[in-house]
Amino acid sequence: DAGVIQSPRHEVTEMGQEVTLRCKPISGHDYLFWYRQTMMRGLELLIYFNNNVPIDDSGMPEDRFSAKMPNASFSTLKIQPSEPRDSAVYFCASKKTVITEAFFGQGTRLTVV
Amino acid sequence: SQQGEEDPQALSIQEGENATMNCSYKTSINSLQWYRQNSGRGLVHLILIRSNEREKHSGRLRVTLDTSKKSSSLLITASRAADTASYFCATDQRGRDDKIIFGKGTRLHILP
């Protein structure tokens, strides 16, 4: 398996634009997580899914953020409209079941100017 | 919100020395995990310890867990330059054992 695949690796966009981040989890993993990492706030859990169903989105900062998982092999995190304070590295991770390790993608570095 | 909190925030040691990092958490857990992150990369899982375990080893890594104190430690023995990275502890929560929350990490720098 190629691991968790995220795209794009880097994204630079202007304030107000829509941004879509993509993630392909490891095949057979039931859980998918979206995290945001900044120097100030560390690694924050935004939302996670179990069997494609959102379980906890309490970490989503604002209504501008939305996430979907239309099938077991694909998830998106959308920011609309984007703001400079959304600049961060966004990670997707997946795991097979409870009390197991999570596997992380390489992240998407988002810069909003 | 962060569940775990690592200590120290940063650590510099000479190559060959042992490095110890600590993690404290707030709520009851089912398991605790340690991850490593090299600069600009994703996190890599190192070791998982369950709440009914007290100590676990993996190569040069030794993890301890004290649930009465809600704390864990990660010991890296005979450190190498390649161990330079950030180290994070992550916890689930009893009753919510599918949710993984990370601390802010310890930045470890191994001096040649």
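Proteins get letters first, then strands, A, B, ... in listed order; numbering begins at 1 in each.
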Neighbour count above 12 (heavy atom, 6.0 Å) for Arg64(A) CZ
yes
Honestly, the part of Gln6(A) sitting under 4.5 Å from a heavy atom of chain B is neither
Can you say whether Phe103(A) sits under 4.5 Å from chain B via the side chain, the backbone, both, or neither, judging by heavy atoms?
neither
Any ring pair (Phe, Tyr, Trp, His ring centres under 6.0 Å) involving residues 35-56 of chain B? Give me the pairs, sequence neighbours left out, ordered by first then second residue.
Phe104(A)-Tyr35(B), Tyr35(B)-His45(B), Tyr35(B)-Phe102(B)
Could you look at Ser58(A) and say if it's the side chain, the backbone, both or neither that has a heavy atom under 4.5 Å from chain B?
side chain
Who passes side-chain contact (heavy atoms from CB on, under 4.5 Å) against Asn22(B), sequence neighbours left out?
Asp7(B), Thr20(B), Ser73(B)
Non-hydrogen atoms of chain A under 4.5 Å away: do they reach the side chain of Leu48(B), the backbone, both or neither?
side chain
Qualifying residue for salt bridge (charged side-chain N to carboxylate O under 4.0 Å, His left out) with Asp83(B), from Arg36(B), Arg107(B), Arg60(B):
Arg60(B)
